[in-house]
Amino acid sequence: MHGQTDATIERLGRQVLEYAEGRLKLDPVPLDYTLTPEELLDRAGQTVTPDGLGGERAMDIFAEVLAPACLSVDHPRYLSFIPCAPSDAAAMFDLVVGASSVYAGSWLEGSGAVFAENQALRWIADLAGLPPQAGGAFVPGGTIGNLSALVAARHSARARAASATSEGSPTLRPWRVAATAGAHSSIQSACDVMDAELVTVEPDADLRLTGPALREVLEREGPESFFAVVATAGTTNFGVVDDLEAVAQVCADLGIWFHVDGAYGGAGLAAPSVRHLFAGVERADSFIVDPHKWLFAPFDCCALLYRDPLLARAAHTQKAGYLDVLTEAPDWNPTDYSVGLTRRARGLPLWFSLATHGTRAYTDAVERTLEVARHAEREIAARPELELVRHRDLSVVVFRRLGWQPADYQAWSDRMLGDEFAFVVPTTHAGETLARFAIVNPQTTEADIDAILDTMRE
Ligand SMILES: *Cc1c(COP(=O)(O)O)cnc(C)c1O
């Protein structure tokens with residue numbers, strides 16, 4: 001397996017690189033389709049065999065059968081969930097990361113990679129206005145980012161509670177987190193993992209978490225039982241940015257960790273036209289943003305930042321005899337800031353693209369998606385058969401087609417995917433089925449939006 005001849009590496013390498021180059025040059029990429037396990041078995045056959053198929057054959061099966069059976073999340077009319085549209089530079093550099101066998105969990109082993117990742121993290125910390133000592137790591141996604149931040153928050157609260165009680169042991173109680181129902185499902189999931197309780201705060205009529213509503217719930221329930229408040233900077237379903245400034249103040253008054261989940265929306269920090277919505281994020285104790293959502297990095301990449309990284313390190317450093325050489329050194333080890341030990345240098349594709357294009361290009365690209373979202377909002381308002389559900393904060397637009405039942409939305413969505421024309425799945429809010437665009441791809445144009453809206457006329 002190892003030590004293949006140069007000729008084999010050249011031949012297979014050329015095939016792999018040509019495929020990658022061809023994929024990146026497709027304009028537009030085909031949307032592709034989903035197959036059943038039976039269809040895939042029929043087309044691909046049994047691919048894992050005692051003797052192996054050989055790289056060329058395996059690559060052919062991938063290119064001809066498997067890859068087309070994966071939807072192209074970077075297609076300009078893929079507007080479901082939160083898409084992922086990596087820059088060419090970021091996507092290409094993922095090949096380099098793969099070929100480089102870098103271990104990026106420790107400074108000792110991956111100093112060069114960690115240095116570059118930290119510069120990319122610093123760019124994000126500066127956008128948020130976090131202090132110079134802020135830092136963290138790139139983790140697989142917002143789910144792990146949120147969990148890691150909440151674990152650090154609880155660890156800190158426990159340590160404080162322990163030093164406050166005479167016995168020196170943490171008081172037993174349900175440990176709680178406060179957030180709105182609009183917070184991402186990963187917050188509930190983190191609470192389940194941690195055996196913590198999620199207390200939901202009613203948002204205001206505009207779906208935002210506000211200071212007064214939060215304060216009332218915390219004071220009613222007893223603020224000392226809460227170890228964190230989660231504000232969302234761009235909810236997944238609507239792109240709602242909570243009132244971060246007011247939430248930060250309540251957290252400061254009551255001594256509770258302030259976590260900001262910007263997995264999707266945090267990229268808006270790079271866009272002057274919406275930056276004001278994030279006022280107060282600079283007061284966060286922890287903050288996440290997924291560059292694989294709206295910052296043009298390939299999967300899987302979440303930037304996790306802490307105001308005081310030492311608190312995270314106290315919570316997350318794994319100790320073992322064989323790790324002493326790492327944990328007893330004063331170095332910056334990314335693995336100390338999250339759940340997980342082994343890690344790939346998943347921040348490097350983002351770093352390479354940032355280093356290549358400069359940060360101004362990121363501002364321009366995020367602003368471009370916002371322009372298209374603004375256009376979508378205007379078009380929807382102008383069409384009599386459509387109605388906006390809520391004004392747009394960022395690049396998610398939710399709207400209804402008057403007169404449609406849930407089955408109509410589903411049939412419309414299925415038809416567009418079946419035609420490999422667009423991927424726009426319905427969402428629900430307050431029991432109602434609705435249409436939703438999530439626009440994070442700078443290749444998505446006003447014409448794409450109009451063409452999709454035209455299909456809703458009938
Ligand atoms: C997507 C998302 C998450 C989860 O991120 P993953 O990368 O999918 O794990 C968390 N919070 C918000 C607001 C999100 O939009």
Given 3.5 Å as the limit, does a donor-acceptor pair link the side chain of [X] with the main chain of [Y], or not?
{"X": "T180", "Y": "G182", "answer": "yes"}
{"X": "R176", "Y": "E224", "answer": "no"}
{"X": "R383", "Y": "E385", "answer": "no"}
{"X": "S148", "Y": "G145", "answer": "no"}
{"X": "E282", "Y": "G280", "answer": "yes"}
{"X": "S225", "Y": "G222", "answer": "yes"}
{"X": "R346", "Y": "D300", "answer": "yes"}
{"X": "R374", "Y": "T369", "answer": "no"}
{"X": "S186", "Y": "S189", "answer": "no"}
{"X": "E39", "Y": "T36", "answer": "yes"}

Legend entry - Y337 and Y306 aromatic ring geometry - parallel, tilted or perpendicular at 30°/60° bounds: tilted

Legend entry - From CA spacing to verdict: salt bridge (Lys or Arg N to Asp or Glu O under 4.0 Å), D364, R368: CA-CA 6 Å; D364 294 346; R368 173 68 191 129; over 6 Å; no

Enter the distance from [X]:[atom1] to [Y]:[atom2] here, rounded to the nearest 0.5 Å.
{"X": "F115", "Y": "W332", "atom1": "CZ", "atom2": "CH2", "value": "14.0 Å"}
{"X": "I187", "Y": "L150", "atom1": "CD1", "atom2": "CG", "value": "5.5 Å"}
{"X": "I144", "Y": "C302", "atom1": "CD1", "atom2": "SG", "value": "9.5 Å"}
{"X": "L370", "Y": "I439", "atom1": "CG", "atom2": "CD1", "value": "9.0 Å"}
{"X": "F278", "Y": "E245", "atom1": "CZ", "atom2": "CD", "value": "14.0 Å"}
{"X": "L350", "Y": "D290", "atom1": "CG", "atom2": "CG", "value": "11.5 Å"}

Inset, instruction - Walk me through it: do E420 and Y33 pass the test side chain to side chain contact (heavy atoms under 4.5 Å, CB included)? - result: CA-CA 7 Å; E420 291 189 51; Y33 41 79; 3.5 Å; yes

Verify whether one side chain among [X] and [Y] offers a donor that lies under 3.5 Å from an acceptor in the other.
{"X": "N441", "Y": "H75", "answer": "no"}
{"X": "R343", "Y": "T335", "answer": "no"}
{"X": "Q188", "Y": "S185", "answer": "no"}
{"X": "S106", "Y": "N333", "answer": "no"}
{"X": "S395", "Y": "Y264", "answer": "yes"}
{"X": "E367", "Y": "S273", "answer": "yes"}
{"X": "T445", "Y": "D448", "answer": "yes"}
{"X": "H259", "Y": "N146", "answer": "yes"}

Inset, instruction - Determine the sole option in V241, T232, L214 for which the side-chain contact (heavy atoms from CB on, under 4.5 Å) test with L209 is passed. - result: L214

Check: [Y] and [X] side chains under 4.5 Å, non-hydrogen atoms:
{"X": "E379", "Y": "D454", "answer": "no"}
{"X": "Q133", "Y": "D308", "answer": "no"}
{"X": "V177", "Y": "F226", "answer": "no"}
{"X": "T342", "Y": "Y103", "answer": "yes"}
{"X": "T444", "Y": "L79", "answer": "yes"}
{"X": "H391", "Y": "D393", "answer": "yes"}
{"X": "P68", "Y": "C70", "answer": "no"}
{"X": "L304", "Y": "F138", "answer": "no"}

If you measure from the Lys or Arg side-chain nitrogens to the Asp or Glu carboxylate oxygens, is any gap between [X] and [Y] under 4.0 Å?
{"X": "D74", "Y": "R23", "answer": "yes"}
{"X": "D336", "Y": "R313", "answer": "yes"}
{"X": "D94", "Y": "R344", "answer": "yes"}
{"X": "E371", "Y": "R378", "answer": "no"}

Which atom names give the shortest non-hydrogen contact between [X] and [Y], and what distance separates them?
{"X": "M456", "Y": "A435", "result": "CE-CB, 4.0 Å"}
{"X": "V260", "Y": "A233", "result": "CG1-CB, 3.8 Å"}
{"X": "A91", "Y": "L24", "result": "CB-CD2, 3.8 Å"}
{"X": "R436", "Y": "I82", "result": "NH2-CD1, 3.7 Å"}

Inset, instruction - For F421 and R415, run side chain to side chain contact (heavy atoms under 4.5 Å, CB included): C-alpha distance rounded to whole Å, both residues' side-chain angles, the deciding distance at 0.1 Å, then the answer. - result: CA-CA 9 Å; F421 168 67; R415 202 161 51 238; over 6 Å; no

Inset, instruction - Take H429 and F238 through the ring pair (Phe, Tyr, Trp, His ring centres under 6.0 Å) test and state the conclusion after the steps. - result: CA-CA 9 Å; H429 175 65; F238 279 90; 4.7 Å; yes

Inset, instruction - Examine F227 together with W257 and report whether their ring centres are nearer than 6.0 Å. - result: no

Compile the donor-acceptor pairs under 3.5 Å between side chains in residues 356-363 and protein atoms, sequence neighbours left out, one pair per line.
residue: T356; atom: OG1; partner: F352; partner atom: O; Å: 2.6
residue: Y362; atom: OH; partner: S353; partner atom: OG; Å: 2.6
residue: T363; atom: OG1; partner: A270; partner atom: O; Å: 2.9

Legend entry - side chain to side chain donor-acceptor pair (under 3.5 Å) between N237 and T427, intermediate numbers included: CA-CA 8 Å; N237 210 15; T427 188; 2.7 Å; yes

Legend entry - Derivation of the side chain to side chain contact (heavy atoms under 4.5 Å, CB included) call for T235 and V396: CA-CA 9 Å; T235 60; V396 172; over 6 Å; no

Legend entry - Residues R401, D408; criterion salt bridge (Lys or Arg N to Asp or Glu O under 4.0 Å); working and verdict: CA-CA 9 Å; R401 166 62 163 84; D408 298 315; over 6 Å; no

Inset, instruction - Would you please test E202 and R208 for salt bridge (Lys or Arg N to Asp or Glu O under 4.0 Å) and show each step? - result: CA-CA 9 Å; E202 266 311 298; R208 303 199 327 154; over 6 Å; no

Legend entry - Criterion ring pair (Phe, Tyr, Trp, His ring centres under 6.0 Å) against F437, the qualifying member of Y78, F399, F81: F399

Legend entry - Worked check of side chain to side chain contact (heavy atoms under 4.5 Å, CB included) between L269 and V281: CA-CA 10 Å; L269 289 168; V281 67; 4.0 Å; yes

